[in-house]
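Some notes on the structure that comes next.
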Amino acid sequence: MSSNSILAEVKDLKVHFPVYGGLFSKKVATVKAVDGVSFTIGKQQTIGLVGESGCGKTTVGRAMINILRHIAPEVEISGHIRYHFDGKVVDFAQMSSAESRPYRANVQMIFQDPYASLNPRMTVAQIVSEPLRIHKPEMSKSEIQDRVGWLLEKVGLRAEQAHRYPHEFSGGQRQRVGIARALATNPDLIICDEPVSALDVSIQAQVINLLMDLQDEFHMSYLFIAHDLSVVEHISDYIAVMYLGNLVEFGESKDVFFNPRHPYSQALLSAVPLPDPKLTRAQRIILEGDVPTPLNKPSGCGFRTRCRLATPACAKALPPLEEHAPNHQVACPIVKGMEPVHPVG
Amino acid sequence: MNQGSSTGTILEIRNLCVDYLTEKKPVRAVDRVNLTVKRGETLGLAGESGCGKSTLAFSILRLHKPPALIPEGEVIFNGEDILCMDEERLRRIRWNDISVVFQSAMNCLNPVVSIRDQMCDVILAHRNISKADAVAQAANLLERVGISPDRMNDYPHQFSGGMRQRVVIAIALALDPQMIIMDEPTTALDVVVEREIMAKLEELKHQFGFTILLITHDLSLLGEISDRIAIMYGGRIVELATSEQVILDPKHPYTNGLINSFPLLSGEKKVLSGISGFPVNLWDPPPGCYFAPRCEACMDICKRENPPLIEIEPGRQVACHLFPTPEGGAE
């Protein structure tokens with residue numbers, strides 16, 4: 001990827017939350033929610049970030065809009081989140097919430113729950129214009145009003161619905177309001193944190209199609225965080241698979257889905273229900289047990305406690321992401337040179 | 001255990017209606033549903049939020065509460081109508097013969113009672129055995145769902161979501177029921193945990209041969225594990241067929257729309273068409289087919305008359321005016 005097509009570089013990102021306890025509220029432990037994650041997002045690209053609950057995928061998304069220092073001041077963030085905004089390089093990982101504020105208009109977020117992420121006491125016009133009022137104070141009232149109407153039309157609502165309240169809308173429509181709000185400042189990157197998982201399937205497809213159409217029109221990038229793998233495959237150019245705070249596999253969407261190499265990705269894809277009764281699985285890998293707690297991670301590779309290929313060597317050091325095939329990085333030395341496992345036989 | 005009048009059928013729902021009473025008028029959440037569950041099968045019931053699938057599940061065992069009310073219909077279980085039973089007889093059927101696993105069931109365990117006591121409560125309430133025997137039985141059940149009996153004295157918060165869900169399944173199986181109704185049993189869980197639970201369930205089903213009525217919105221999951229699928233829309237069943245027929249050759253336009261709403265993990269990308277518009281508002285339903293306002297194949301008759309659920313081929317039912325008679329339809 002040439003350097004001028006890169007939008008964001010995440011390098012060795014670590015997000016640790018200290019846990020305080022005891023008589024004098026001493027630091028007794030650390031939750032290593034994100035523990036050394038690196039990837040890049042190109043302009044107009046969609047990166048899918050997948051993993052089980054608690055693997056740290058939402059924390060990565062929140063770190064990327066630099067909101068963590070605001071909601072949890074004691075958080076320890078290290079590494080780099082470098083954005084290239086119009087030739088200017090800014091590193092959100094090194095900035096306080098206030099310092100990054102002038103640049104935050106460029107990175108917006110769509111949240112999972114369209115019922116909880118819209119203030120019930122604000123009209124749609126107020127919700128959608130809020131980022132404008134914060135980031136573009138020079139805009140006049142009538143400019144803002146025009147912009148809100150235009151945004152609502154863009155996401156498939158009607159401009160005259162601007163004066164309604166969120167409760168008057170269905171789940172899918174509310175998610176469209178959330179999308180309009182994210183689009184308001186014309187961002188370069190939108191973090192989509194499980195944007196469709198709270199919606200019905202027929203509505204999910206509408207929202208996914210809307211996101212893809214908007215990308216064609218406005219050329220922004222997406223970081224698409226989800227646990228629904230088939231949706232991620234559909235929308236993403238690249239996929240990052242996360243487990244216990246680390247990336248275990250990163251590659252082009254097709255490669256990761258149809259030729260997964262890391263044992264965890266293989267198990268994850270093997271778990272996806274296959275609706276087509278004619279397709280059979282080559283082999284189904286069922287993971288036993290649960291994700292270990294990030295409070296007390298296993299030594300070495302985090303996945304070794306559930307891995308079918310684990311050897312004693314896996315406990316020694318955390319395997320780095322290495323290129324196993326062109327554009328396809330895997331954090332597992334054992335599978336190097338092995339054939340990928342096809343989830344669909 | 002009295003056997004059903006017709007062998008092969010465990011549960012027959014006839015003309016079942018469920019209304020929710022509101023101040024202005026009753027809202028019909030389940031509208032004249034006819035559904036036969038065969039002994040030993042896994043029948044999937046799918047539909048979007050608000051289509052009445054959970055209300056239907058509740059009313060099978062009369063677990064619905066006011067303002068829900070059943071104005072008409074029959075639920076025949078092994079030859080007896082559950083809706084006409086006295087409370088005592090119903091109490092014996094619940095859990096003993098038909099048990100229910102509710103949505104987010106993992107959160108319905110009592111947080112201040114140990115797993116062992118919760119399981120024994122169920123067994124002792126329905127079986128006349130000693131406490132020691134009940135504990136032994138509980139240990140055996142936990143082992144079956146893959147949880148070490150050493151953890152019996154633990155409390156729900158000490159288990160992960162997936163394990164709690166397995167505990168709930170163990171409790172549902174405690175009295176060796178003939179049928180289990182599961183309402184979105186894995187919706188709150190990750191795909192990996194869902195897979196583990198579904199594999200366990202299939203294994204248990206082989207072992208004990210119970211019947212499953214599985215209610216979910218996840219058609220891909222149903223396509224994989226159920227024998228037949230019923231699709232519900234606006235309180236009515238619009239299509240009933242084998243899983244293969246529903247997934248690969250859907251007849252009803254709504255089913256077709258649902259199938260085209262999620263990507264298949266099978267290679268080529270297809271355009272997700274979704275279904276335009278919004279689900280039917282049962283407060284103010286259209287006069288004819290409820291799906292007509294969203295349907296691309298909508299005809300004049302669809303706006304006037306509700307199509308009945310008819311058999312278009314043996315074992316395959318559709319409620320759509322595109323299929324007027326079993327012989328020569330519009331298609």
Side-chain angles (χ1 to χ4, degrees), chain A residues 50-55 156 169-173 196-210 212 227-235 243 253-254 257-258 264 267-279 281 284-291 293 306 342-344, chain B residues 46-51 146 159-163 186-196 198-200 216-226 233 242-248 254 257-267 269-279 281 294:
Chain A
V50 300
E52 286 173 87
S53 313
C55 73
F169 293 93
S170 68
Q173 286 175 312
V196 296
S197 51
L199 306 174
D200 270 318
V201 277
S202 72
I203 309 297
Q204 274 187 13
Q206 292 176 8
V207 172
I208 290 166
N209 286 342
L210 173 67
M212 292 170 89
H227 67 264
D228 186 336
L229 297 155
S230 43
V231 168
V232 174
E233 193 272 330
H234 185 76
I235 195 169
Y243 187 81
S253 171
K254 275 218 145 28
F257 265 79
F258 299 110
Y264 176 64
L268 194 63
L269 281 158
S270 169
V272 176
L274 274 186
D276 189 339
K278 275 199 297 211
L279 294 173
R281 282 185 194 269
R284 169 154 272 157
I285 307 156
I286 293 175
L287 285 184
E288 299 275 337
D290 293 293
V291 186
T293 158
R306 297 165 86 192
H342 295 262
V344 180
Chain B
E48 291 176 270
S49 320
C51 75
F159 293 91
S160 70
M163 288 174 96
T186 54
T187 302
L189 301 171
D190 268 309
V191 66
V192 172
V193 182
E194 172 182 279
R195 169 61 48 213
E196 194 185 343
M198 284 302 159
K200 186 54 83 183
T216 175
H217 65 272
D218 188 348
L219 264 181
S220 347
L221 180 67
L222 284 183
E224 198 175 287
I225 69 160
S226 56
Y233 187 77
T242 65
S243 304
E244 197 166 319
Q245 287 168 333
V246 168
I247 303 284
L248 297 180
Y254 175 63
L258 277 184
I259 302 287
N260 285 323
S261 292
F262 57 89
L264 294 174
L265 255 191
S266 53
K269 286 194 182 182
K270 60 174 185 179
V271 178
L272 298 185
S273 53
I275 306 172
S276 59
F278 304 105
N281 178 2
R294 299 173 82 186

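So that the names make sense, note that chain A is the first sequence line, chain B the second, and so on, each numbered from 1.
- The contact between A:I208 and chain B is made entirely by side chain atoms (from C-beta outward), counting heavy-atom distances below 4.5 Å.
- Atom CZ in B:R195 sits 11.5 Å away from atom CG in A:L268 (nearest 0.5 Å).
- The side chain to side chain contact (heavy atoms under 4.5 Å, CB included) with A:D200 is formed by just one residue from the set B:C51, B:S261, B:S49; it is B:S49.
- Minimum interatomic distance between B:D190 and A:G51 (heavy atoms only, all atoms of both residues): OD1-O, 4.5 Å.
- Taking each heavy atom of B:R294 and A:S202 in turn, the nearest pair found is NH2-OG, 3.3 Å.
- A donor-acceptor contact shorter than 3.5 Å is absent between the side chain of B:E48 and the backbone of A:V201.
- Pairing each heavy atom of A:I203 with each of B:G277, the nearest pair is CD1-O, 4.0 Å.
- Looking at A:S53, both its backbone and its side chain come within 4.5 Å of chain B, counting heavy atoms on both sides.
- Here the NE2-CD distance, from A:H227 to B:E194, works out to 8.5 Å after rounding to the nearest 0.5 Å.
- Both the backbone and the side chain of A:E52 come within contact range of chain B, each with at least one heavy atom under 4.5 Å from a heavy atom of that chain.
- There is no contact between B:M198 and chain A, counting heavy-atom distances below 4.5 Å.
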